[in-house]
*Asks:* 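Below you'll find the structure I mean.
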Amino acid sequence: MPSDFPSTKSVSTAGMVLQRNRLIQIILAILCAVGCVILINFVNQNWPTVWMLLVLSACMLVALILARANRITLAAMFTVITLTIVMGLMSFAFDGIYDATISAFPAILVFAAMFATLRLFVGLLTFIILILSTVVWVNITGVHVNVVAPVSIMSLVNVVAILMATAFFVWKLASDLRIAVARLETENERIRDALTHIDTLAHNDALTGLPNRLLARARFEQAVELAKRGNDKIALLYLDLDNFKTINDSLGHIAGDQLLCEVATRLKQTIRASDTASRQGGDEFLVIVAGQAEQESVATVAVKIIDLLSEYFSVNGMEISVTCSLGISMYPDDGQDFDALLKHADIAMYQAKERGRNGFQFYDPQMNTNVVEHLHLISGIRTALQKDEFKLYYQPQFDLKSERIIGAEALIRWKNPELGMIPPNKFIPVAERSGQIHEIGAWVIDEACRQAREWMDAGLPPIVVGVNLSPIQFRRDNVERDVMNALEHYNLPPSAIELELTESLLIVESDQISPLLKRLRNLGVHLSIDDFGTGYSNLGYLSRFEVERLKIDQSFIRRMLENKNDEGIVRAIIEMAHSLGLEVVAEGVETAEMLVHLKGLGCEFGQGYLWSPALPAAEFVEFIRTYQPK
Ligand SMILES: Nc1nc2c(ncn2[C@@H]2O[C@@H]3COP(=O)(O)O[C@H]4[C@@H](O)[C@H](n5cnc6c(=O)[nH]c(N)nc65)O[C@@H]4COP(=O)(O)O[C@H]3[C@H]2O)c(=O)[nH]1
């Protein structure tokens, strides 16, 4: 590329430099041509022409100085005007409209078109026409008659000089145009490439190169148009890697990225050309199966994906295995638009995860209801603690022989202003999953201790308050601290409370739990196992923990009189507990027959509607005060 065309960085500056250079070149070419003509005319002693051309040369020198001083417009105007005047004068003075100088006018106009404004160009054209008209008019009227000189070498020199200057100028102009066109084409190509690149970035995931959510949506919408014509179905498969976070955290982000790219490659291999595999972000992918996607064929695709991803990946020279969970929603059955279907596939995916991961799950409208309810409960629980909506009710516990009150089980109650009374069986599992059970659990321990202290201070007969603990609470090290804090805060003897544990806690997490329970027991806190019989029913583990009591689940007690098996279970539990030195509490004692039977089996304690349901603290006090053993 010639140096006249600097880079595109500053187009206006580059254009000005080019114009200036061209102007200087053209003025120099005119000076050369005029110089040659002066020389020849000087030799031939053609003084009028010499003088006129000397004046023109002087003007051109002025124009050159102006151009060099970057006064481009002024220099250009000055050049065309002086050229026109001198050429006009020469044609007037010598051969009239047959003078060779006339042939310079078209070149002057081209020059003006290139450098001057439209006004100047039109003005110049008018001026040239006026000059020619004047020359013709003076000849017709006889004011001044030009005598055309016979053709000579001088005529040829003049014409050739004008022609040479014009040719140089036109050639330069044409090459400028050619270069400009070439530049434009290159620029166009660059812009086209840039647009393609922008389009790719906007529609594809930068890491894996898979279509992104935007393109997936567009592909889905195209598929819907086709599906509508053939009454076909479309499936959205929402895929989430089950253990990606662990891999990312342990092997680093580079390995994580590598794994995601490998997953993308395998997904592309699994699906048909008409289907779309896209990345939604993180470790989540979406596969759109279009064209007669029936449940069976979609399930086959899901199994294929799960199988293919479960094969080992080689990342950073290591063999890594991943599993994935897939949620599937179907158009049009599970939603009409992309967002609804995506949401439903996502819900189904979470369901697949809950069901044990490494599997797939089709969306079911019931899931949506569960999710909405679940979300309502989570946000409700958050505010319930702040707004003091939780209360503890107390269900009295009895010594079956004497029928005296020996304790009370604290049972949580939640009255939500919008949702009404929500049973603990409904919100405790939600709180366990959302982690809010830690705050609730701490509150229950504190409140039960506060109440026990109050009853002690009120002079009520000594009662042990049972507090239910969720196994999730033991996943953090807070339980011991919460119990100690509450006992200390209310100056309560540890023997005033009993912690009710679940069987699952003792089976699954025994390694960490055992020392903790030992410490609590050494402190003097009572420990019991709640809902006994519903879990693993392996009495072996009981000897390892320092529990004192078993609470037989009420489902066995309820059926005990009608069902021999349940009666057998209750009997066996009581006998085994006694042989291990444990006391037994029967839950859900509703009738006098049950009481008689349990006494006969040697059961020590009981609670149930036979005596009283769980009561608010004030009513519980009233109950104690008025209660008379039968
Ligand atoms: N049909 C019948 N039912 C009787 C009878 N006597 C008592 N019940 C009910 O049986 C449940 C006994 O509590 P659970 O087995 O510990 O079972 C509890 C316990 O697992 C959990 N829960 C309650 N409060 C708390 C708490 O503060 N923390 C934790 N983690 N869980 C709690 O919620 C479960 C249900 O509690 P509730 O709805 O209060 O239901 C209570 C009680 O009201 C009876 O004679 N017949």
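No experiment lies behind these values; they were computed from the predicted model shown. Counting starts at 1 for both ligands and their atoms, in listed order. This chain uses plain numbering: 1 for the first residue, then up along the sequence.
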*Asks:* Does some non-hydrogen atom of Lys551 fall short of 4.0 Å from ligand 1?
*Replies:* no
*Asks:* For Glu604, enumerate each residue passing the side chain to side chain contact (heavy atoms under 4.5 Å, CB included) test, keeping only those at least two apart in sequence or located in another chain.
*Replies:* His578, Glu583, Val584
*Asks:* If you measure from the Lys or Arg side-chain nitrogens to the Asp or Glu carboxylate oxygens, is any gap between Asp457 and Arg453 under 4.0 Å?
*Replies:* yes
*Asks:* Side chain, backbone, both or neither: which part of Asn468 has a heavy atom under 4.0 Å from ligand 1?
*Replies:* both
*Asks:* Over 60° means perpendicular and under 30° means parallel, so tell me whether Phe360 and Phe362 are parallel, tilted or perpendicular.
*Replies:* perpendicular
*Asks:* Could you list which atoms of ligand 1 come closer than 4.0 Å to a heavy atom of Glu587?
*Replies:* 15 (O)
*Asks:* Strictly inside 4.0 angstrom of atom 17 (O) of ligand 1, do you find any protein heavy atom?
*Replies:* no
*Asks:* For ligand 1, does Val444 get within less than 4.0 Å through its side chain, its backbone, both, or neither, judged by non-hydrogen atoms?
*Replies:* side chain
*Asks:* Are any of the protein's heavy atoms under 4.0 angstrom from atom 40 (O) of ligand 1, yes or no?
*Replies:* no
*Asks:* Please work out, at 4.0 Å between heavy atoms, whether the side chain, the backbone, both, or neither of Asp531 comes within that distance of ligand 1.
*Replies:* side chain
*Asks:* Before signing off on this row, confirm whether Gly608 and ligand 1 have an N or O atom pair separated by under 3.5 Å.
*Replies:* no
*Asks:* Does Glu488, at its CD atom, have more than 12 non-hydrogen atoms belonging to other residues, nucleotides or ligands within less than 6.0 Å?
*Replies:* no
*Asks:* Ignoring hydrogens and geometry beyond distance, is a side-chain donor-acceptor pair present between Glu418 and His376 at under 3.5 Å?
*Replies:* no
*Asks:* With heavy atoms of Asn425 as the reference, note each atom of ligand 1 found under 4.0 Å away.
*Replies:* 33 (O), 34 (C), 35 (C)
*Asks:* Under 4.0 Å from a heavy atom of Ser470: give me the atoms of ligand 1 that qualify, with their elements.
*Replies:* 30 (N)
*Asks:* Does ligand 1 have any atom sitting under 4.0 Å from a heavy atom of Glu432?
*Replies:* no
*Asks:* Can a salt bridge be assigned to the pair Glu562 and Arg559 using a cut-off of 4.0 Å between side-chain N and carboxylate O?
*Replies:* no
*Asks:* Is it possible for you to check whether Arg217 lies under 6.0 Å from the centre of the six-membered ring of Phe338, through NZ or CZ, and within 45° of that ring's axis?
*Replies:* no
*Asks:* Under 3.5 Å, is there a donor-acceptor pair linking the side chains of Gln554 and Glu587?
*Replies:* no
*Asks:* Hey, is Glu409 touching ligand 1 through its side chain, its backbone, both or neither, going by heavy atoms under 4.0 Å?
*Replies:* side chain
*Asks:* Out of all atoms in ligand 1, which are within 4.0 Å of some heavy atom of Glu590? Include the element for each.
*Replies:* 1 (N), 2 (C), 44 (C), 45 (O), 46 (N)
*Asks:* Heavy-atom contact check, 4.0 Å cutoff: does Ala614 meet ligand 1?
*Replies:* no
*Asks:* Residues two or more places apart in sequence or in another chain: which of them pass side-chain hydrogen bond (donor to acceptor under 3.5 Å, both in side chains) with Ser329?
*Replies:* none
*Asks:* State whether the shortest distance between N or O atoms of Gln554 and N or O atoms of ligand 1 falls below 3.5 angstrom.
*Replies:* yes
